[in-house]
J.: 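What follows is a single structure, and I will ask about it in a moment.
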Number of protein chains: 2
Amino acid sequence: MARQVGVSAITVSRALRSPEKVSAALRERIRLAVAELGYIPDAAARALASGRTDVIGVLIPSVTNNVFADVLSGIYAGIEDAPFDVQLGNTRYSGLQEESLLRVFLSQKPAGLIVTGIDQSEEARALLSTAQCPIVQIMETDDRPIDMMIGFSHYAAAGAATAHLVERGYRKLGFLGARMDPRTQRRFRGFRDTAEAAGVFSKTRVITTPAPSTVTLGSRLFADLVERAPDIDGVFCNNDDLALGVLFEAQRRRISIPAELGLCGFNDLEMMATAEPSVTSVRTFRHEMGQRAVVMLIEAIQADLARSPQVVDLGYEVKARGSTAR
Amino acid sequence: MARQVGVSAITVSRALRSPEKVSAALRERIRLAVAELGYIPDAAARALASGRTDVIGVLIPSVTNNVFADVLSGIYAGIEDAPFDVQLGNTRYSGLQEESLLRVFLSQKPAGLIVTGIDQSEEARALLSTAQCPIVQIMETDDRPIDMMIGFSHYAAAGAATAHLVERGYRKLGFLGARMDPRTQRRFRGFRDTAEAAGVFSKTRVITTPAPSTVTLGSRLFADLVERAPDIDGVFCNNDDLALGVLFEAQRRRISIPAELGLCGFNDLEMMATAEPSVTSVRTFRHEMGQRAVVMLIEAIQADLARSPQVVDLGYEVKARGSTAR
DNA sequence: TTGTAGGCGTTATCAG
DNA sequence: CTGATAACGCCTACAA
């Protein structure tokens, strides 16, 4: 340690953390020594001695998914220059992984935690409830928050998209779904209930798979759908990757969008507005969600509120575009 | 701590880390107590006492970029059940951010480090060289590895793509580039040198911008390019997002691909093969890169090799598809 | 198989 | 403004 340098000990600690409490002379000598020795304080010792860390743990189910990439960039934007480090955990849509990561995170006594969704296992909820830090659940809303919560209703959003297709006169609606995690299932229910209410639902026009979403998969599912239900005139996709696959497959089959087929995606990825034709989608506020989640978290941390229930509904927006313009 | 429970102390530590060294009876009692108290060992204390951690730090320049998402999923695959946690840092293409994150990571005395690229600042290289752990640089290859390195030559890959366009008879080649970080610039040089050698290079057909790549930006850049050089008959894009934007814009302008325009992207995202027409791209082995990077790292960690220079070149592959099929 | 002693590098607390 | 002392909770080494 830099104690050799001058004739100090804890002063180094002070010089580093609150320079104003140390005389200019010492401060300078210490600064030089630190630079020379390449001294970097030991995070573990600091955490142990102070009993706190500046880690914000973030648990998301996928790193390959654009949706979470946007949330993440919002989180980084929200952190800005706040003195916190985000530590990312990838649960890979697995409850077991989530529990295991939770244990890892909790062992670090994080300053705060951001977790995805409302479908934690009992075990995970138990772990979370023992956490000595504020927690934000993101991506969804419901009335059973562990602590804070920010998101939107996937059920309502999917319902609105479906209503839009109906309103545009599409009657033989199909649903394409991949991955089928709990969020996706809520979207499906939103579709089904709205379609049923409008009298346009048919089980034969629903195709789902547990496989992860890709554009290629969208093309394949749509090909299946067309064979199974040739009279289909509208498709609501679980997400935009699938929708893009449908767009390409429809082009290949010379099925005209929007004249013969209405197409609606979900998430409103950037590319949907640029596609030809542009694709209707449900816009969600992912960046804002990530950003506000950290901001809420940091406020709770700084206010020393270990638990301060609150639910923020960010809503959604059906962006009507060329693919449903008839 | 759980010492109250039985009549033990360090035995708890052993029961948790190497259960076989503790009698079945005690092990069981401890297991119960742990479950009941929700006891989770303190990571900081453990790190401080043992002088080591099982953290693998990963520094990438972007979380919103599919390219790094794939690398990451490879990393997670490579970690599998190995007893390491990955900690992610997002440098956001900033050298300063990278240095700062490096300091944070090094303060945790990580077991290993994965960093992106070969363009670290002097300061960053200095920090890295003081690290007491193995390091893997990913995404590129060169002859100046800090420790281990796995990637490919962006220069050569872009050259090969360009050669492919030339071979297919395209002569008025253009280049579209966004972000223009060092890797992108090497790709540009690969394009330029190859195009010049073939006598088909023209500066007026090159458009670049520091803005980040999006599909929409691809459409815009292509629109500019067509106005500036109406005789253009081939485009090499910096990446697939731009290429997809070109595809859509060409459709809007009724420019036929591949008859009137040859199009080649870079990265070979999954969607390129499904697009209509399918889009030629340069495939890179991102998942494998991430996976092998951790595997190399873990081997070095376990062999206790603090430094074991080696460079792995994963190569690339020009995937010729419909968009250059004439 | 279990326990004891000592210390990891930092910070809180209280003196000087 | 600076320093001494005592933890923080766990692990290594050695002993019983």
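Note on naming: letters A, B, ... go to the chains in the order of the sequence lines (proteins, then strands), and numbering restarts at 1 for each one.
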J.: Specify the separation, in whole Å, of atom CD of A:E20 and atom P of D:dT2.
T.: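 After rounding, the reported distance stands at 12 Å.
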
J.: Specify the residue among A:L48 and A:R52 whose closest nucleotide of DNA chain C lies further upstream toward the 5′ end.
T.: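 Here A:L48 is the residue nearer the 5' end.
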
J.: Salt bridge or not between A:E122 and A:R125? Use side-chain N to carboxylate O under 4.0 Å.
T.: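 So A:E122 does not pair with A:R125 through a salt bridge.
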
J.: Are any of the side-chain heavy atoms of A:P134 and A:M148 separated by less than 4.5 Å?
T.: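 A side-chain contact under 4.5 Å exists here.
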
J.: Measure the distance from CZ on A:R46 to C1' on C:dA12 and round it to the nearest whole Å.
T.: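 Distance, rounded to whole Å: 14 Å.
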
J.: Which nucleotide wins on minimum distance to the side chain of B:D42, given the candidates D:dG9, D:dT12, C:dT11?
T.: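 Closest nucleotide among those given: D:dG9.
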
J.: Looking only at side-chain atoms of A:I10, point me to the closest of D:dC10, C:dA12, C:dT2.
T.: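 Minimum distance to the A:I10 side chain belongs to C:dA12.
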
J.: Would one find a side-chain N or O of B:R17 under 4.0 angstrom from OP1 or OP2 of D:dT12?
T.: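 Checking B:R17 against D:dT12: at least one side-chain N or O falls below 4.0 Å of OP1 or OP2.
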
J.: How long is the line joining CG of B:L106 and P of C:dG9, in whole Å?
T.: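 In whole Å, C:dG9 P and B:L106 CG are 16 Å from each other.
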
J.: Looking at A:S23, does any N or O in its side chain come under 4.0 Å of the phosphate oxygens OP1/OP2 on D:dT2?
T.: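 True: A:S23 side-chain N/O within range (under 4.0 Å) of D:dT2 OP1/OP2.
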
J.: Would you please confirm or rule out a distance under 4.0 Å between OP1 or OP2 of D:dC11 and any side-chain N or O of B:S13?
T.: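 Affirmative; the distance criterion is met.
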
J.: D:dC10 phosphate, OP1 or OP2: any side-chain N/O from B:Y39 under 4.0 angstrom?
T.: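 So the side chain of B:Y39 is within the cut-off, an N or O lying under 4.0 Å from OP1 or OP2 of D:dC10.
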
J.: Return the nearest nucleotide to the side chain of B:A49; candidates are D:dC10, C:dT2, C:dG3.
T.: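 Closest of the options to the side chain of B:A49: D:dC10.
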
J.: Could you tell me whether A:H154 and A:F152 have their ring centroids closer than 6.0 angstrom?
T.: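 Close enough - the centres of the two rings lie under 6.0 Å apart.
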
J.: Please determine if B:D119 and B:R186 form a salt bridge, counting it only when a charged side-chain N lies under 4.0 Å from a carboxylate O.
T.: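 Yes, this pair counts.
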
J.: Closest nucleotide of DNA chain D for B:P41 versus for B:R14: which of these residues is on the 5' side?
T.: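 Its nearest nucleotide lies further toward 5', so the answer is B:P41.
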
J.: In whole Å, I'd like the distance from the CD atom of B:E28 to the C1' atom of C:dT1.
T.: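 The distance from CD of B:E28 to C1' of C:dT1 comes to 17 Å, rounded to the nearest Å.
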
J.: Look at B:T11 and C:dG3 and indicate whether a side-chain polar atom (N or O) is within less than 4.0 Å of OP1 or OP2.
T.: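 Indeed, a polar side-chain atom of B:T11 lies that close.
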
J.: Can you check the B:K21 NZ to C:dT1 C1' distance for me, whole Å?
T.: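 So the NZ-C1' distance, B:K21 to C:dT1, works out to 10 Å.
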
J.: Could you walk me through whether B:S73 and B:D70 satisfy the side chain to side chain donor-acceptor pair (under 3.5 Å) test, starting with their C-alpha distance in whole Å, then the side-chain angles of each, then the deciding distance to 0.1 Å, before giving a yes or no?
T.: CA-CA 5 Å; B:S73 71; B:D70 290 339; 4.8 Å; no

